[in-house]
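Treat the numbers as computed from the prediction; the structure is a model and nothing was measured. In each ligand, atom 1 is the first atom listed, and ligand 1 is the first ligand listed. Heavy-atom basis, side chains included; hydrogens, waters and symmetry copies ignored.
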Amino acid sequence: MSPLPRPPARATMYVRTIQVPVMNEITPIRPNDLDPFWMPYSNNRAYKTNTPRMLARAEGMFYYTPEGREILDGTAGLWCCNAGHGRREITEAIQHQASVMDFAPTFNMGHPIAFKAAAKVAELTPPGLDRVFFTNSGSEACDTALKIALAYHRARGDGQRVRLIGRERGYHGVGFGGISVGGIGTNRRQFGAQLPYVDHLPHTHSLAHNAFTRGQPEWGSHLADALDNLIALHGADTIAAVIVEPLAGSTGVLVPPVGYLQKLREKCTAHGILLIFDEVITGFGRLGTAFGSERLAVTPDLLTMAKGLTNAAVPMGAVACSDAVYAAIVDGAAAGIELFHGYTYSGHPLASAAAIAAIDLHRSEDLPGRALAMEGAFEAAVHGLRGLPNVIDVRNMGLVAGIELSPRAGKPTDRAIKVFHRCFDAGLLIRTTGDIIALSPPLIIEQSHVDRIAETLSEAIMAEAS
Ligand SMILES: Cc1ncc(COP(=O)(O)O)c(C=O)c1O
């Protein structure tokens with residue numbers, strides 16, 4: 001038997017010491033302190049051996065590095081701090097709740113604040129989607145929605161409907177359900193096993209037809225007709241649900257073509273298939289309305305959310321369900337538990353407190369209205385990048401924009417990553433996916449921030465021209 005391979009030497013001996021202020025004190029992070037945290041979706045080796053980018057404090061539109069350098073947040077964290085950072089109302093609500101009751105179970109029990117949070121969510125969701133199931137993340141919300149769809153059909157005596165249809169370039173988190181219906185190869189290949197009975201619609205991105213479109217592209221609604229092919233192939237009576245992001249964010253801001261979602265809705269209704277909108281990114285004002293479904297004028301049967309739900313101050317996700325789905329499963333069940341699904345922390349008191357406070361801010365500050373009011377200026381600024389070297393597309397809707405760069409020959413992602421580094425060094429946080437830059441600033445953004453984003457990005461793109 002050959003000896004076990006030796007573990008590689010720890011990389012962090014090269015890392016410089018950094019100071020992170022925590023609770024008004026300076027906590028030194030020593031080199032080896034970087035090892036234990038296995039960073040998610042990260043190049044751990046590169047990060048830990050190079051100068052680590054750290055964020056230590058946040059307020060309003062800005063992050064601050066441990067050294068006190070100001071970083072304009074062009075991404076609302078990870079599409080989630082829609083009301084801006086460090087909102088006192090949310091912080092105080094969490095603090096208060098922690099002092100009153102830290103935790104209480106919600107399995108055959110309750111605490112008032114979870115019910116209040118669900119009622120607040122239901123005030124914002126599209127009419128008819130009034131039943132709210134709480135989770136802890138977007139991934140859990142997506143897997144929960146898929147399970148609810150399967151349970152719905154089974155409750156109606158349609159248990160052969162087990163097929164789930166996702167879409168290429170869709171992102172629905174990292175649970176087994178989410179990666180199965182999701183359409184990102186790298187998220188699936190490493191793990192082998194996935195859900196069976198899954199198929200995918202084609203994505204809607206086309207540089208040939210839609211490059212530099214402002215808002216929804218005119219071309220592409222026919223791509224929804226691919227659902228007819230899947231129905232013909234598998235039989236409508238085997239299909240439980242179709243899940244799509246109304247506007248796909250994580251794979252580079254793919255705005256739905258005019259009429260595309262309407263077509264999906266009509267086909268699903270005609271064939272008894274549930275339509276799930278994954279609104280983890282498009283929820284809570286991002287597209288200028290409470291949820292994207294309102295702006296895009298299509299109501300799904302199930303709607304997932306997370307991120308902006310609590311302004312990301314405490315992790316929380318949720319699925320809003322139609323009354324018909326709820327009634328089929330809950331009213332139709334034999335006595336006892338109706339849905340064998342839930343999380344210890346579903347409706348966690350601190351998350352519920354954060355959600356209530358965040359939704360109150362969403363309403364009192366009219367965050368969707370602010371997003372809508374700034375959409376024109378934001379659109380003009382990002383489309384102003386057209387013509388810079390390697391910019392092959394700019395697309396936008398609400399306060400989301402994608403700027404696609406041509407990849408360096410033989411080095412995909414390299415150009416965008418370097419632009420990201422340059423922006424960070426110049427005081428701007430952007431996000432990249434492949435060679436696409438994604439922007440999704442907090443909805444409290446003002447003109448001066450828009451100008452600064454455009455200027456910094458423009459300089460970084462120019463500097464990576466070669
Ligand atoms: C559309 C969509 N669905 C689901 C998720 C997963 O959410 P989480 O990372 O909270 O699990 C994300 C995260 O970015 C998302 O964009």
Exercise. Are Asp366 and Arg370 ion-paired here, with the side-chain N under 4.0 Å from a carboxylate O?
Worked result: no
Exercise. Is Glu123 salt-bridged to Arg363, cutoff N-O under 4.0 Å?
Worked result: yes
For this session: State whether the shortest distance between N or O atoms of Glu140 and N or O atoms of ligand 1 falls below 3.5 angstrom.
Result: no
Exercise. Short list, please: which atoms of ligand 1 are under 4.0 Å from a heavy atom of Ser137?
Worked result: 10 (O), 11 (O)
Problem set entry | Under 4.0 Å to a heavy atom of Ser250 - the qualifying atoms of ligand 1, by number | 14 (O), 16 (O)
For this session: Considering only NZ, NE, NH1 and NH2 on the basic side and carboxylate oxygens on the acidic side, decide whether Glu446 and Arg452 come within less than 4.0 Å.
Result: no
Exercise. Does the cation-pi check pass for Arg163 over Tyr197, that is, NZ or CZ under 6.0 Å from the six-membered ring centre and within 45° of its axis?
Worked result: no
Problem set entry | Lys/Arg-Asp/Glu bridge criterion (N-O < 4.0 Å) met for Glu404, Arg395 | yes
Exercise. When you check the gap from the basic side-chain N to the acidic O, do Asp323 and Arg131 get nearer than 4.0 Å?
Worked result: yes
Exercise. Which part of Tyr171 is near ligand 1, with near meaning a heavy atom under 4.0 Å away: side chain, backbone, both or neither?
Worked result: both
Problem set entry | Test: Arg386 and Asp393 ion pair at under 4.0 Å | no
Exercise. Hey, is Glu279 touching ligand 1 through its side chain, its backbone, both or neither, going by heavy atoms under 4.0 Å?
Worked result: neither
For this session: Run the numbers for me: atoms of ligand 1, each under 4.0 Å from some heavy atom of Ser139, listed by number.
Result: 6 (C), 7 (O), 8 (P), 11 (O)
For this session: Go through ligand 1 atom by atom and flag the ones less than 4.0 Å from a non-hydrogen atom of Ile281.
Result: 16 (O)
Problem set entry | Ligand-residue contact atoms, ligand 1 with Gly138, heavy atoms, under 4.0 Å | 6 (C), 7 (O), 8 (P), 10 (O), 11 (O)
Exercise. So is there a nitrogen or oxygen of Asp278 less than 3.5 Å from a nitrogen or oxygen in ligand 1?
Worked result: yes
Exercise. Taking heavy atoms and a distance under 4.0 Å, where does Glu245 meet ligand 1: side chain, backbone, both or neither?
Worked result: side chain
Exercise. Taking NZ, NE, NH1 and NH2 as the nitrogens, is one of them in Arg87 or Glu365 under 4.0 Å from a carboxylate oxygen of the other?
Worked result: yes
Exercise. What residue and atom, counting heavy atoms only, is the protein's closest point to atom 14 (O) of ligand 1, and at what distance?
Worked result: Lys307 NZ, 2.9 Å
